[in-house]
Amino acid sequence: LATDVSVDAVMAELHDRVHRQLRERLLLHGASSALADPAVFAEVEQLLQSAVALGDAQALLLPELLGDRDSWRLRTSMRFDSHRNAQAAAVILFVKRRLLMPLVRWLFEYSRNNFERQQRVNHILFACVQELATENARLRREVQALSQNTR
Amino acid sequence: VKLAFVVQRYGADIAGGSELHCRDLAQRLSPRYDITVLTSCARDYVSWANAYPAGESSDGGVRVIRFAVSRPRHVPEFSSLSEEVFEGGAPHERQEEWFRQNGPQVPGLLDHLRQHGRSYDAVLFWTFRYYPSFFGVPLVRDRAVLLPTAEDDPAVHLDITEDFFNTPAAFLFLTPEEQKLVSARAGRTLTPSAVIGTGLEPAGPSPPRDLLRSNDIPEDYLLYLGRVDRNKGCHTLLEYFQEYASTSSVIPLVLAGPAKLQIPKHDRIRALGYVSDELRAALLAHARLLVVPSPYESLGIALLEAWNHGVPALVNARCDVLREQVRRANGGLHYRSFNEFSGALDYFASHPEESRVLGAQGLRFVEREYRWQTVLPKIEGLLRSLPTAPALGAAPHPI
């Protein structure tokens, strides 16, 4: 057999090529010219990548600041309820669950799938904002420290 | 030494990954230990309908006690509950209800653990997400060894799992990534624990190509092995493959496994449906490359099997387990996007010698990490560290 092949080395070459093509495509379609610098592009990509990788919703600060979940959160599950008295509610809920729901399930599932995608995108956007805010705060502290040192 | 193995389903005709793992270990360890498998009467993992008779039976020297499922799963109700709890913010009672409804609900198994749990030196539980483990571990916590088989999916991130993962006396993990994930959920380093993976027998000589020819399978092909399902990332694989095939001359993609989604008609895609063990082995032995597009895996048995035949792999990098397994083994490439997928296929097509080396490196990794003579001593070492299993000797396991 030939000498050992390093997966990391092959992947690094492959990533370089893919990133170069991606950068060229973005610039061709009018993305910021700052991305022409491969180092800037790599840093932007890394920052966005870390936002995408933030898989746990509980690691996000924005939802805590938005307050009451019902006022902003997408609800993807169907809740069956009724404001009527217990007996009437039981009949109404039975009709909703067992008769109406099977008829409209296809529409519900179509909407739910799209809501779930939107929820994922919202989650990622929250994470992007958080990463950018964190980076901004860190840089601000560094600038402050530098300006104090140069006084 | 008495060991109990608790698993949601058990039997020679059960194909699930954790069920096979449990059965393999039970049979390998049974000559040396008194093993009792505690399981349900279910065969189907969706409905959990009772299929086997309740009571005691034997499976190749292993004592099996089956408990009736008291309530089959009501799928629409469970789907609705899943959406509710995975949205986040559901109270603990609703999250606990999710584990109950996920089933298989076997209250008799829990009664058995309450009454006889202390008669076992250790009780091993497979898969954290099912009722027998979730409600059984707390009943025998001082001797419970959990094999979580956890994937980075919404269930593992439920709030309630933090307490649960702090309950067992010890852990056996399939990969370092699983160990890291579960430790993060528990909020501490989990000890004692061991990463064991699974054991594989050497593949032996390559099966002849005749079986492939008689099934009209091309000489050179990419292979996908397993259920053709959205949950396994197959819709993305099919989309990427068709896009790649529209601009490059690619070898055919062979899909070997029952289809749970509509497979597009395409002259480069060949769907075989369910395949026999014999054909499966031949497909693995002669594939150019195995593609594993799944975003969620706790081990990736098909990947290990491909390496066992010296076949390299292309895996979904969004699954930490698959990506890191490939990096540890130096046994293939990984992709996150269509551009990386097509770049990787270009590499395999233009570097045949390097592709063979990647496959050979995968085989070396399997020989180093996943032979039974490596796996079994790790399990015994961990069991020996349990205060409830002092009788476990220090003698090496006769393979």
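In what follows, every chain begins at residue 1, and chains take the letters A, B, ... in the order their sequences are listed.
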Subject >> Atom CD of Gln46(A) with >12 non-hydrogen neighbours under 6.0 angstrom >> reply: no
Original post:
Got more than 12 heavy atoms from elsewhere within 6.0 Å of CZ, Arg140(A)?
Top reply: no
Subject >> Interatomic spacing from CG in Leu14(A) to CD in Glu340(B) - rounded to 0.5 Å >> reply: 6.5 Å
**OP:** Would you please test Arg364(B) and Asp4(A) for salt bridge (charged side-chain N to carboxylate O under 4.0 Å, His left out) and show each step?
**Re:** CA-CA 12 Å; Arg364(B) 286 211 295 271; Asp4(A) 287 356; 3.3 Å; yes
Original post:
Near Glu13(A) CD, under 6.0 Å, is it more than 12 heavy atoms from other residues, nucleotides or ligands?
Top reply: no
**OP:** For atom CD of Glu142(A), decide whether the heavy atoms of other residues, nucleotides or ligands shown that lie under 6.0 angstrom number more than 12.
**Re:** yes
Original post:
In Å and rounded to the nearest 0.5 Å, what is the CZ to CD distance from Phe86(B) to Gln119(A)?
Top reply: 13.0 Å
**OP:** Give, as side chain, backbone, both or neither, the part of Ala344(B) having an atom under 4.5 angstrom from any heavy atom of chain A.
**Re:** both
**OP:** Go through Arg336(B) and Gln49(A) one step at a time and tell me if the side chain to side chain contact (heavy atoms under 4.5 Å, CB included) criterion holds.
**Re:** CA-CA 11 Å; Arg336(B) 271 183 192 278; Gln49(A) 189 64 51; 3.6 Å; yes
Subject >> Val326(B) versus Val7(A), closest heavy-atom pair with distance >> reply: O-CG2, 3.9 Å
Original post:
Would one find more than 12 heavy atoms of other residues, nucleotides or ligands at under 6.0 Å from atom CZ of Arg230(B)?
Top reply: no
Original post:
With distance as the sole test, does Gln361(B) use its side chain to make a donor-acceptor pair with the main-chain N or O of Val5(A) at under 3.5 Å?
Top reply: yes
Subject >> His351(B) portion near chain A, given a 4.5 angstrom heavy-atom threshold >> reply: neither
**OP:** Determine whether more than 12 heavy atoms belonging to other residues, nucleotides or ligands lie under 6.0 Å from atom CZ of Arg100(B).
**Re:** yes
